[in-house]
Amino acid sequence: MYNRCTKAVLYKDNLEYNLNQIRKYVKKDVKLCVAVKADGYGHNAVLTAQIAQKVGAEFVAVATVEEGIELRENGIKCGILLLSLCTPQEMPALFKYQITPLVFTDEYIKLVGEAAKQACKNGVPGSKEFRVHLAVDTGMGRIGCYPQEAGDQAALIEASGLKLGGMCTHFAVSDSLEKENIEFTKEQFAAFKAAVECVKARGIEPGICSCGASAALLNDEDMQFDMVRPGIITYGYYPDEITKEYLEKTGRHFDIKPVLALETKVVAIRRFPAGKSVSYGRTWKASEETDIAVLPIGYADGLLRRFSPGLEVTINGRNYPVRGRICMDQCMVEIGKDNPDVKLWDTAVIFGPKESGALNTAEDLAKLGHTISYEVLTALSKRVLREIK
């Protein structure tokens, strides 16, 4: 088999370590719904779901019906929660593959109810009193009914032949420590609790209630509610300002490890005279005679163009600067003249855990690119082979 040298190496033990850390951190009676959308944040959704099941997760969360189907076809038995809305054409797959959708609005609830009745007529197992979760918009402004509508929406769910299996909301700024944002998160939490009470007041059991993704579940025990939805911490990164150091200062210990290493190899070493430029736009010129190593990785792989200038990559335990603009398929690194520590076919690690030899993490690249680790990880394209270690 001909495998490209540019690849993402997944450290499976680190992934399992992180999920066990999450399981130990949350209260014993709190359920786990592990976010595996976007191919497990670029880490392989099936692998993540398999380990999530192993540590006792009751649900995994996806963003598309296709992502849910892939998990079922690869033997995932736990609940699958669909976090985004689907079209009427996709709805039959919800029942065939037992994917739990989020619902809201009269029209959408009725469409899912009609699709459930049709599935029941067709003899699809589990389609009678099919469980859905009611999405509540408490301030994210994305999807969900308003809190004061929750009672009516829950009643419509039951009247449509469906079963309310749970309720959820999503926080907009729970990863921020700014006073204004902390207050906004508290307001969202209060609004969600009010929505739950509205449903109970209608004589309807709200089911599994969840609001805490990575930041909220770490920062406020009350926000763990019935179930938590860990995302970025599953893959070894802290959510913005809710850092390891912050948690330690507040008397809480939570340790995780990066899971993915992005690596490639040196495919050419070229002598550059003083004054010679590198890459598009001629943004960098050699100030003196030096050597340039060529790496077969670029923005089509997910190594974003905005990481240059500034990006450094690790070769044999030392960081070297990328010179010039990152290209679609390649980038160039200055290694210094006649450097005996860098040879043809040596491994160059862009970022990763300590085990990979990397001196950078996805968080380092995120800061360089004025973005977040989530984007760095999910930007990795399909042509980057995922290798499980």
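This chain uses plain numbering: 1 for the first residue, then up along the sequence. These figures come from a predicted structure and were not determined experimentally.
The nearest pair of heavy atoms linking Ser174 to Ala216 is OG-N, 4.0 Å. Nearest approach of Val30 to Phe225, heavy atoms of both residues: CG2-O, 3.4 Å. Scanning all heavy atoms of the two residues, the minimum distance from Val65 to Cys86 falls at CG2-CB, 3.8 Å. Between Ser84 and Ala63, the closest heavy-atom pair is CB-O, 3.2 Å. Across Arg386 and Ser381, no two heavy atoms sit closer than the pair NH1-O, 2.8 Å. The two atoms that bring Leu304 and Ala379 nearest to each other are CD2-CB, 4.2 Å, heavy atoms only.
The local environment of CD in Glu66 is sparse, with at most 12 non-hydrogen atoms from other residues, nucleotides or ligands closer than 6.0 Å. The neighbour count for Lys27 NZ, taken as heavy atoms of other residues, nucleotides or ligands under 6.0 Å away, is above 12. For Lys367, the NZ atom is loosely surrounded, since the number of other residues' heavy atoms within 6.0 Å does not exceed 12. Annotation for Lys265: atom NZ counts as buried by contact number, over 12 foreign heavy atoms lying within 6.0 Å. Around the NZ atom of Lys244, the shell of radius 6.0 Å holds more than 12 heavy atoms that belong to other residues, nucleotides or ligands.
For the atom pair NZ of Lys193 and CE of Met223, the computed distance is 8.0 Å after rounding to the nearest 0.5 Å. Remark: His170 NE2 to Thr138 OG1 distance equals 10.0 Å, nearest 0.5 Å. For the atom pair NZ (Lys276) and OG1 (Thr290), the distance works out to 13.0 Å, reported to the nearest 0.5 Å. Annotation: the span from Leu83 atom CG to Thr100 atom OG1 amounts to 11.0 Å, rounded to 0.5 Å. Between the CG atom of Asp240 and the CG atom of Asp175 there is a distance of 4.5 Å, given to the nearest 0.5 Å. Leu247 contributes atom CG, which lies 11.0 Å from atom CG of Asp255 (distance to the nearest 0.5 angstrom).
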Quick one: do Arg306 and Glu375 satisfy salt bridge (Lys or Arg N to Asp or Glu O under 4.0 Å)? Show the steps, please.
CA-CA 13 Å; Arg306 63 178 177 269; Glu375 184 183 21; 2.7 Å; yes
For a salt bridge (Lys or Arg N to Asp or Glu O under 4.0 Å) check, start with the C-alpha distance between Glu197 and Lys200, then their side-chain angles and the critical distance, and finish with the verdict.
CA-CA 5 Å; Glu197 292 306 314; Lys200 288 180 179 178; 3.7 Å; yes
Assess whether salt bridge (Lys or Arg N to Asp or Glu O under 4.0 Å) is satisfied between Lys31 and Asp226, documenting all intermediate values.
CA-CA 6 Å; Lys31 293 178 171 59; Asp226 301 326; over 6 Å; no
Show your working on salt bridge (Lys or Arg N to Asp or Glu O under 4.0 Å) between Arg4 and Asp301 and close with a plain yes or no.
CA-CA 12 Å; Arg4 184 170 173 240; Asp301 300 298; 2.8 Å; yes
Test side-chain contact (heavy atoms from CB on, under 4.5 Å) applied to Met332 and Ile326, step by step
CA-CA 7 Å; Met332 285 64 73; Ile326 294 170; over 6 Å; no
Go through Tyr238 and Tyr246 one step at a time and tell me if the ring pair (Phe, Tyr, Trp, His ring centres under 6.0 Å) criterion holds.
CA-CA 10 Å; Tyr238 293 86; Tyr246 162 75; over 10 Å; no
What's the verdict on side-chain contact (heavy atoms from CB on, under 4.5 Å) for Phe307 and Val322, showing C-alpha distance, side-chain angles and the deciding distance?
CA-CA 9 Å; Phe307 293 150; Val322 169; over 6 Å; no
CA sep, side-chain torsions, deciding dist, call: Met91, Val112, side-chain contact (heavy atoms from CB on, under 4.5 Å)
CA-CA 7 Å; Met91 286 178 184; Val112 176; 3.8 Å; yes
May I have the step-by-step check of side-chain contact (heavy atoms from CB on, under 4.5 Å) for Asp152 and Glu149, ending in yes or no?
CA-CA 6 Å; Asp152 289 343; Glu149 300 170 332; 5.5 Å; no
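Inter-residue side-chain proximity for Thr234 and Asn18 is flagged as unmet; no heavy-atom pair is nearer than 4.5 Å. Here the side chains of Glu158 and Lys163 are in contact, with some heavy-atom distance below 4.5 Å. The side-chain heavy atoms of His253 and Glu248, taken from C-beta on, include a pair separated by under 4.5 Å. Within the 4.5 Å cutoff, no side-chain heavy atoms of Val376 are placed close to those of Leu262. For the pair Ile76/Gln50, a side-chain contact is recorded, criterion being any heavy-atom separation below 4.5 Å from C-beta on. Inter-residue side-chain proximity for Lys110 and Leu156 is flagged as met; some heavy-atom pair is nearer than 4.5 Å. Using a 4.5 Å heavy-atom threshold, the side chains of Tyr320 and Asn339 count as touching. Between Arg318 and Asn316 the shortest side-chain heavy-atom distance does not fall below 4.5 Å.
In this structure, the side chain of Glu241 engages the main chain of Leu177 through a donor-acceptor pair within 3.5 Å.
Using a 3.5 Å distance cut-off with no hydrogens or angles, the side chains of Arg252 and Thr250 do pair a donor with an acceptor. Using a 3.5 Å distance cut-off with no hydrogens or angles, the side chains of Glu90 and Thr87 do pair a donor with an acceptor. Lys24 and Gln21 form a side-chain donor-acceptor contact under 3.5 Å, judged by distance and modelled atom types alone.
Salt-bridge check for Asp222 with Lys186: failed, with every basic side-chain N at 4.0 Å or more from each acidic carboxylate O. Salt-bridge formation is detected for the pair Arg271/Asp291: a Lys NZ or Arg NE/NH1/NH2 atom is positioned less than 4.0 Å from an Asp or Glu carboxylate oxygen.
A single hydrophobic cluster is not seen to contain both Val132 and Tyr146; linkage of ILVMFWY side chains at heavy-atom distances under 4.5 Å, directly or through other members, places them apart. Follow the hydrophobic side-chain contacts under 4.5 Å out from Ile69 and you reach Val36 in the same cluster. Hydrophobic clustering, with ILVMFWY side chains joined whenever heavy atoms are under 4.5 angstrom apart, groups Val228 together with Ile51. Hydrophobic cluster membership differs between Tyr17 and Tyr25, with clusters built from Ile, Leu, Val, Met, Phe, Trp and Tyr side chains linked at under 4.5 angstrom. Following chains of ILVMFWY side-chain contacts shorter than 4.5 Å, one can reach Leu85 starting from Leu134, so the two form part of one hydrophobic cluster.
Using cut-offs of 30° and 60° on the angle between ring planes, the pair Tyr374 and Tyr41 is tilted.
With respect to Phe351, the side-chain contact (heavy atoms from CB on, under 4.5 Å) criterion is satisfied by exactly one of Leu303, Leu377, Thr314: Leu377.
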